[in-house]
Amino acid sequence: MTVRTRFAPSPTGYLHIGGVRTALFNWLFARQHGGQFILRIDDTDSERNIESALEPILDGLRWLGIDWDEGPDVGGPYAPYYQSQRSAGYAAAVEQLLASGHAYRDFARPDELDEERKAAQAAGKPFLYSRRFAAFDEATAQRFAAEGRAGVVRLKMPREGSLVLEDAVRGRVEFAWEREQDHVIQRADGSCLYHLANVVDDHDLAISHVIRAEEHLSNTPRQAFIALSLGYDLPAYAHLPLVAEPGSKTKLSKRKLAQYLKNQDFRRVMEHGQQIAARIGGGGEADTFNPVIVDFYREVGYLPWAIDNYLALLGWSYDDKTEFFSRGELIERFSLERINSAPASFDPKKLWAVQDHYMTALSVDEKFGLMLPYLVKAGLVADPPTAEQAEIVRRVIEASGDRLKVAGDILAYADFFLVDEPVMDPDAVAKRLATPTARQHLEAFAARLAAVEPFEPAALEEALKATAEAAGAKVGDLVHPIRVAVTGRSVGPGLYDCLAILGRDRVLSRMSAALGLCG
RNA sequence: GCCCCCAUCGUCUAGUGGCCCAGGACGUCGGGUUCUCAGUCCGAAAACCGGGGUUCGACUCCCCGUGGGGGUACCA
């Protein structure tokens, strides 16, 4: 049997981190078995502009390297891949269900149903529709219609027995039929509802494994009923644990950003991202600039594989030690059996650590390629950069080492090399320049600098140590004010690297300018 | 209310009856190194939800609680 899995997003305009995890698992499973991964758009009764709401989702998946074999943009043998274009199949399924007696026309008004529902709840009993407005024959239907009632089609669920399913993640699960509602599958206007559409499409697209979030577990019996009634074979099911909020077990939601920001780790990730976005004129889309949404990471400069790798670990593990996987390794080692069944909370700190791991492993050239666009967008280098700018950037990347965690971090480490005058951080000035000794150290070092040859880290270090020794001061007493004088701030790459990259002229002029800020 | 699912350090997890007075990772804390930051090295604290069974023996199996989550729509 060919393995065919699918990811079926609604066109909402953004790609949710939990959705990515579901897509990733489906993709991994299909790739592992040499099968197909299909993208299907669940746009049943959607009124939005599908194209613009879909593009961010496709874009996000592409960026993450999750490629699909069939889908809305690439087509495929089972096209179309939009539910809104497959309604003929749904209508036919409804007719079949009606004909076989697995569904019926119902003319109850919503308020009448509510009444029954409330009564059942008050009695502490499960709600079971009385079917008093059900029309099992044409005459009855005509009579209700004559009363001005609108008819929908409902499933005629069994009221005894149970459904037993083997879920790849949860094992055996059982549902009593009598607890299942007579769900509506078709509205009075003829449009069909999600569960019906979903089942028909999964069958028509020959989906072999339905891998989806746990929130659908409770929906499975009604879907299985539809499938069985239509004479389909059931697909294999695997219900993934939910991706939960940081430090909680509640489903992660895009709408609760304000609440998540109370979590310190989450807030730090957000603020760090905002600082980067602000400098490249991004983050304006406040609605999608949110660590729950993939766009955020892309804009800030995370590595797509770091996100995939982190997400793979959310609910799945290979063994008790391995945490980092190449794409090939993950495809080879992934398995449904090793998916955990408990919800997993999204931990921005851990994502950060995985990102750190992969970013650190990149070469200077690779980092250069990722980071250059940020400098261009921030207006710090020309597009394309001059040879001199490119050289500076490379040296900064080299000198910055592990300090660069995401591509956007280059802005904070390279900016003072690329502008005429550094922006002076007032706190750093107050602490390191406005001191009794800063002026004398700066002057002494400047005097010595004229003769340093070559103007490279080793010679500069030697000169600084000699200056310190002559003044009877510690190295740190000179390093700090000099750093602030030439970079404007108190953190950055090693000072000798900074000096060498800036070059003699700029170092001297900045130090001289800084004299005016000394105490 | 009713139905379903779940339950190991703060977090992600390993553990399928003895290898576990529970292992790894992130984070946290303490210390070393360093010009700052980042890093790195060394070290530490930190968990089997509770109660009953089953068994020679339970983190592991069963039951009951408790807690958490999901579903219960003419949403997806």
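Here is the naming used below: chain letters follow the sequence lines, and residue numbers restart at 1 for every chain.
Distance check on atom P: C64(B) versus G27(B) gives 42 Å, rounded to whole Å. A47(B) and U28(B): their C1' atoms are spaced 15 Å apart (whole Å). Taking the P atom of each, G31(B) and G68(B) are spaced 39 Å apart, rounded to whole Å. Of the P atoms belonging to G23(B) and C59(B), the separation is 14 Å, rounded to the nearest Å. For the P atom pair drawn from G39(B) and A45(B), the interatomic distance equals 23 Å after rounding to whole Å. Annotation: C29(B) and C35(B) have their C1' atoms spaced 26 Å apart (nearest Å). Taking the P atoms as reference points, U16(B) lies 14 Å from C21(B), given to the whole Å. On the C1' atoms, G15(B) is 15 Å away from C61(B), given to the nearest whole Å.
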Polar pairs (N or O, both sides) under 3.5 Å between protein and nucleotides 20-23 of chain B?
residue, atom, partner, partner atom, Å
G23(B), N2, Asp320(A), O, 3.4

Identify each atom pair where a protein N or O and an N or O of nucleotides 29-39 of chain B are less than 3.5 Å apart, giving names and distance.
residue, atom, partner, partner atom, Å
C35(B), O2', His480(A), NE2, 3.4
C35(B), O2, Arg483(A), NH2, 2.7
C35(B), N3, Leu495(A), N, 3.0
U36(B), O2', Ser490(A), O, 3.2
U36(B), O2, Ser490(A), O, 3.4
U36(B), O2, Gly492(A), N, 3.0
U36(B), O2, Gly492(A), O, 3.4
U36(B), N3, Arg483(A), NH2, 3.2
U36(B), N3, Gly492(A), O, 2.7
U36(B), O4, Arg403(A), NH2, 3.1
U36(B), O4, Gly494(A), N, 3.4
C37(B), O2, Arg403(A), NE, 2.3
C37(B), N3, Arg403(A), NE, 2.8
C37(B), N3, Arg403(A), NH2, 2.4
C37(B), N4, Arg403(A), NH2, 2.9
A38(B), O2', Asp402(A), O, 3.2
A38(B), O2', Lys405(A), NZ, 3.0
G39(B), O2', Asp402(A), OD2, 3.3

Nucleotide N/O to protein N/O under 3.5 Å, stretch nucleotides 68-71 of chain B:
residue, atom, partner, partner atom, Å
G69(B), OP1, Thr250(A), OG1, 3.2
G70(B), N2, Ser218(A), OG, 3.0

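Separation of the Phe325(A) and Phe334(A) ring centroids does not fall under the 6.0 Å cut-off. Annotation: Trp352(A) is in aromatic contact with His272(A) [ring centroid separation under 6.0 Å].
Closest to the side chain of Arg187(A), out of C12(B), C75(B), U72(B), is C75(B). Considering only the side chain of Lys350(A), C26(B) comes nearest among U13(B), C26(B), C2(B).
With hydrogens and angles ignored, a donor-acceptor pair under 3.5 angstrom links the side chain of His195(A) to the base of A76(B).
Using a 30° and 60° split on the angle between ring planes, His216(A) and Tyr194(A) fall in the tilted class, from 30° to 60°.
Counting non-hydrogen atoms under 4.0 angstrom, Val173(A) reaches the backbone sugars and phosphates but no base. When heavy atoms are screened at a 4.0 angstrom cut-off, Asp477(A) is found touching no nucleic acid atom at all. Using a 4.0 Å heavy-atom distance criterion, Ala399(A) is classed as making no nucleic acid contact. Nucleic acid contact for Arg338(A): sugar-phosphate only, since backbone atoms but no base atoms lie under 4.0 Å from a heavy atom of the residue.
Searching all strands for a Watson-Crick or G-U wobble partner of G39(B) with both distances below 3.5 Å returns U33(B). When both pairing distances are held under 3.5 Å, G67(B) makes a Watson-Crick or G-U pair with C6(B). For U54(B), there is no paired base (Watson-Crick or G-U wobble, both distances below 3.5 Å). With both pairing distances under 3.5 Å, U11(B) is matched to A25(B) as a Watson-Crick or G-U wobble pair. C59(B): no Watson-Crick or G-U partner with both key distances under 3.5 Å is found in any strand. Using N1 to N3 plus N6-O4 or O6-N4 for Watson-Crick, or N1-O2 and O6-N3 for G-U wobble, each under 3.5 Å, U16(B) pairs with nothing.
Each side-chain hydrogen bond (donor to acceptor under 3.5 Å, both in side chains) pair with one or both residues in residues 479-496 of chain A, not counting sequence neighbours, appears once here: Asp415(A)-Arg489(A).
Counting non-hydrogen atoms of other residues, nucleotides and ligands closer than 6.0 Å to CD of Glu469(A) gives a total of 12 or fewer.
Test Lys251(A), Lys254(A), Lys256(A) against Glu245(A) for salt bridge (Lys or Arg N to Asp or Glu O under 4.0 Å) and you get one pass: Lys256(A).
Rounded to whole Å, atom P of A76(B) lies 14 Å from atom CZ of Arg6(A). Per the geometry, CD1 belonging to Ile185(A) stands 12 Å off C1' belonging to C74(B), to the nearest Å. Rounded to an integer number of Å, the gap from CD of Glu174(A) to P of C4(B) is 9 Å. Atom CG in Leu196(A) sits about 11 Å away from atom P in A76(B), given to the nearest Å. The interatomic distance linking Trp352(A) (CH2) with A25(B) (C1') rounds to 18 Å, in whole Å. Glu245(A) has its CD atom 13 Å from the P atom of U11(B), to the nearest Å. Between the C1' atom of C5(B) and the CG atom of Asn340(A) lies a distance of 13 Å, rounded to the nearest Å. Distance Asp106(A) CG to A73(B) P: 14 Å, rounded to the nearest Å.
Judged as a ring-ring contact (aromatic ring centres under 6.0 Å, His included), and not counting sequence neighbours, His16(A) has no contacts. Applying the ring-ring contact (aromatic ring centres under 6.0 Å, His included) test to Tyr302(A) and every residue at least two apart in sequence or in another chain returns Tyr297(A).
A salt bridge is absent between Arg394(A) and Glu398(A): the closest approach of a Lys/Arg side-chain nitrogen to an acidic carboxylate oxygen does not fall below 4.0 angstrom. Between Arg170(A) and Glu214(A) a salt bridge is recorded (basic side-chain N to carboxylate O distance below 4.0 Å).
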message: Please determine whether side chain to side chain donor-acceptor pair (under 3.5 Å) holds for the pair Thr467(A) and Arg448(A), giving the CA-CA distance in whole Å, both sets of side-chain angles, and the decisive distance to 0.1 Å.
response: CA-CA 8 Å; Thr467(A) 312; Arg448(A) 212 175 270 263; 3.1 Å; yes

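Between Asp477(A) and His441(A), the closest side-chain pair of non-hydrogen atoms falls below 4.5 Å. Side-chain contact check for Arg172(A) versus Glu166(A): some heavy-atom pair is nearer than 4.5 Å. Side chains of Met157(A) and Gln181(A) form no contact here, defined as non-hydrogen atoms less than 4.5 Å apart.
When the side-chain nitrogen and oxygen atoms of Ser345(A) are compared with OP1 and OP2 of U11(B), none of them lie within a distance under 4.0 Å.
Of the residues near RNA chain B, Gln181(A) and Asp347(A), the one whose nearest nucleotide (by heavy atom distance) lies more toward the 5' end is Asp347(A).
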